[in-house]
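Structure first, then comments.
Start at 1 with the first residue, then count along the sequence. Not measured: the values here are computed from a predicted model.
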Amino acid sequence: MSFPAQNLAEAASQPPAQNLVQSVDWLAIAPPTITAVVGLVVLVADLFVADRRKPLLGWVSVAGLAASALMLLPLVNGDRSAFCLAGDPGLCSYTADTFTLAVQFLVLGGALLTALLSVTAVKDADRGLPEGEFWFLLLSSAAGAALLPASRDLATLIVALEVASLPAFALVGLRRGDRRSSEAALKFFLSSVTATAVSLLGVSFVYASTGTLYLTQVAERIQHVDGQLTTLAQTGVVLTLVGFAFKTAAVPFHFWVPDTYVGAPLPIAAYLSVVGKAVGFSGLVLVTVVALPSYADAWGPALAALAALTMTVGNVGALRQQGTRAYSAVRLLAWSSVGQAGYLLVPIAAAAYSDDPEGAVGSTVAYALMYAAVNLGAFAVAAVVGRRSLNRVADYRGLYASNPLTALLLAFFLLCLAGLPPGVIGLFAKVTVFSAAVDAGLGWLAVVMAVNVVIALFYYLQWTAQLFRTPEEATAGHRLPAPLTAAISLTAVLAVALSGAPQLILRFADTALF
């Protein structure tokens, strides 16, 4: 009997109530739930709050995200699950394990810093950004992004992916009367809708061939698919991986990134560069390592090739940016994020060849946490400079003369991204990723990564040098509003702390994540 027929027979033999009743662990699901509830509260409150009090909505959103992040603390050192089948408690749709908590910390922390940046951006827009809608969309996207790493069935995974993505489309194009913003939103929307359609088709094929949506059952059953369904299963695997490659902005599915980052409000560009990547990569990890380990001989080489192509195209694109072009600093960060996506793909590809795939995936988690902290810091400084200029790289010339501390922090963030001291955490994170490739026998990929690190050094150091050059004309210091100061301070403290104690995140490379 084939698996779909067997699954239906088993379901029919059980009492209807047993199929429907599922357990709920409210503490386990608290982080995404609180974020979603606060989003609804902000949307409703927007109807009744006077215009002069609308800034309070931003601070309520910041408080809600902070509360959601704090709810991760009771979940540490204990795997918890929710929405488990009554007849089989081992089959759950939501699991709060080490992998989930690490990615949720990244997502909620990134959303919190984005909210701090947005408080100033919304005020500067002078009603160009509708406040109630903006905060509701940001919180909704963050709730979906926090749900995704905990998803342990394909249906929840796809729903979480779309809850995270759909509000992001609107956030990119939310600025009223901004043609560049509308164009960016359209490109982002078309690419993401294509990815969703491909993913859904792939998931439907996998379900049709295995008869289950639970990732652990898919991993077991897809190895023994009926001969008539083998081609269907293989097609489903390929389409699912292609769909998630879109979400991670891997080359050749990266074309939307530069224009989207430039057209979006700067805090949303920062959000997409960190939280958007966390969503794509956590979904890719769950699909490959958890659901499809038996197809490692197929997705391993494919992801290795994508990693090499992505890091090369991203770094060469960043290298070609002209410093005098409008928004060249944002474009450089956009192309840099594509290159960083290539580094993040390396350990996932290595998991296909490794005897310890969880350790290889842990390197991706460690690198993502480092990248999130320093990249959000770079975007925070870009938000400061962008308040008075078109955010060209040339606009950063002489920043040390007018804002010494801000310039030093940006230099530190860029050195972390480059992997140079004193950005020790950036260096260690790159070594961890490099080691994952070497240990898996992917020497050629390690060589490609080393070459790309050298390419990236050039444009990161070139930008850093601009900060300390003599300014062409005397400029006044940039005024730092309190929310921007808080965002820069938080990222700086986190980056410095991680450089002083890199084991705080590098331990994930040796931890059992699932």
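- At least one side-chain heavy atom of Val242 sits under 4.5 Å from a side-chain heavy atom of Phe253.
- Separating the CD1 atom in Ile268 from the OG1 atom in Thr260 is a distance of 12.5 Å, to the nearest 0.5 Å.
- Between atom CG of residue Leu506 and atom OG of residue Ser363 there is a gap of 9.0 Å, rounded to the nearest 0.5 Å.
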Between Leu56 and Val49, does a side-chain contact (heavy atoms from CB on, under 4.5 Å) hold up when you go through it step by step? CA-CA 9 Å; Leu56 289 175; Val49 174; 5.6 Å; no
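- Leu306 is listed as a side-chain neighbour of Pro252, based on a closest heavy-atom distance under 4.5 Å.
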Taking it one step at a time, do Ser68 and Thr35 satisfy side chain to side chain donor-acceptor pair (under 3.5 Å)? CA-CA 6 Å; Ser68 299; Thr35 305; 2.8 Å; yes
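- Between the Asp395 side chain and the Arg392 main chain, a donor and an acceptor come within less than 3.5 Å of each other.
- Atom CZ of Phe412 sits in a crowded spot, with more than 12 heavy atoms from other residues, nucleotides or ligands closer than 6.0 Å.
- Applying the side chain to side chain donor-acceptor pair (under 3.5 Å) test between Tyr343 and each of Asn315, Thr364, Thr310 identifies Asn315 as the sole match.
- Looking at Leu75 and Pro31, their side chains come closer than 4.5 Å, going by heavy atoms from C-beta outward.
- A donor-acceptor pair under 3.5 Å links the side-chain atoms of Gln321 to the main chain of Gly317, judged by distance alone.
- With 3.5 Å as the limit, one finds a donor-acceptor pair spanning the side chains of Asn391 and Tyr396.
- The backbone N or O of Val42 sits nowhere less than 3.5 Å from a side-chain atom of Asp46 that would complete a donor-acceptor pair.
- Here the straight-line distance linking atom OG of Ser118 with atom CH2 of Trp135 works out to 4.5 Å at 0.5 Å rounding.
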Dump the intermediate steps for side-chain contact (heavy atoms from CB on, under 4.5 Å) on Ser182 and Arg175, then the final yes or no. CA-CA 8 Å; Ser182 300; Arg175 279 194 295 217; over 6 Å; no
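- At least one side-chain heavy atom of Tyr459 sits under 4.5 Å from a side-chain heavy atom of Ser336.
- Checking side-chain atoms of Ser402 against main-chain N and O of Leu399 turns up a donor-acceptor pair under 3.5 Å.
- Between the side chains of Lys277 and Tyr371, no donor-acceptor pair is found at a separation under 3.5 Å.
- Between Glu133 and Lys54 there is no salt bridge, since no side-chain nitrogen of the basic residue lies less than 4.0 Å from a carboxylate oxygen of the acidic one.
- Residues Asp259 and Arg331 are paired through a salt bridge, judged by an N-O separation under 4.0 Å between the basic side chain and the carboxylate.
- In this structure a side-chain-to-backbone donor-acceptor pair under 3.5 Å is missing from Ser192 to Phe189.
- Residues Arg387 and Thr120 are in side-chain contact: their nearest non-hydrogen atoms beyond the backbone lie under 4.5 Å apart.
- Residue Ile425 holds its CD1 atom at 14.0 Å from CG of Leu415, rounded to the nearest 0.5 Å.
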Evaluation steps, salt bridge (Lys or Arg N to Asp or Glu O under 4.0 Å), between Glu131 and Arg52: CA-CA 11 Å; Glu131 296 192 45; Arg52 61 187 178 82; over 6 Å; no
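- No side-chain donor-acceptor contact under 3.5 Å links Ser499 to the backbone of Val496.
- For Phe458, the CZ atom is loosely surrounded, since the number of other residues' heavy atoms within 6.0 Å does not exceed 12.
- For Phe105, the CZ atom is loosely surrounded, since the number of other residues' heavy atoms within 6.0 Å does not exceed 12.
- Contact annotation: the side chain of Trp59 approaches that of Leu116 to within less than 4.5 Å [non-hydrogen atoms, C-beta and beyond].
- To the nearest 0.5 angstrom, Tyr460 atom OH is 7.5 Å from Leu414 atom CG.
- Side-chain atoms of Arg180 and Tyr327 include a donor-acceptor pair closer than 3.5 Å.
- Panel note: side chain Ser328, backbone Thr324; no donor-acceptor pair is recorded below 3.5 Å.
- Looking at Arg179 and Glu183, no side-chain N of the basic residue comes within less than 4.0 Å of a carboxylate O on the acidic one, giving no salt bridge.
- A side-chain donor-acceptor contact under 3.5 Å links Ser151 to the backbone of Leu148.
- Within the model, atoms OG1 of Thr485 and CG of Leu405 stand 9.5 Å from one another, a figure rounded to the nearest 0.5 Å.
- For Ser141 and Tyr271, the side-chain atoms include at least one donor-acceptor pair closer than 3.5 Å.
- Between the side chain of Lys430 and the backbone N or O of Tyr367 there is no donor-acceptor pair closer than 3.5 Å.
- Between the side chain of Ser354 and the main chain of Ala351, no donor-acceptor pair closer than 3.5 Å is present.
- Between Leu333 and Trp463, the closest side-chain pair of non-hydrogen atoms falls below 4.5 Å.
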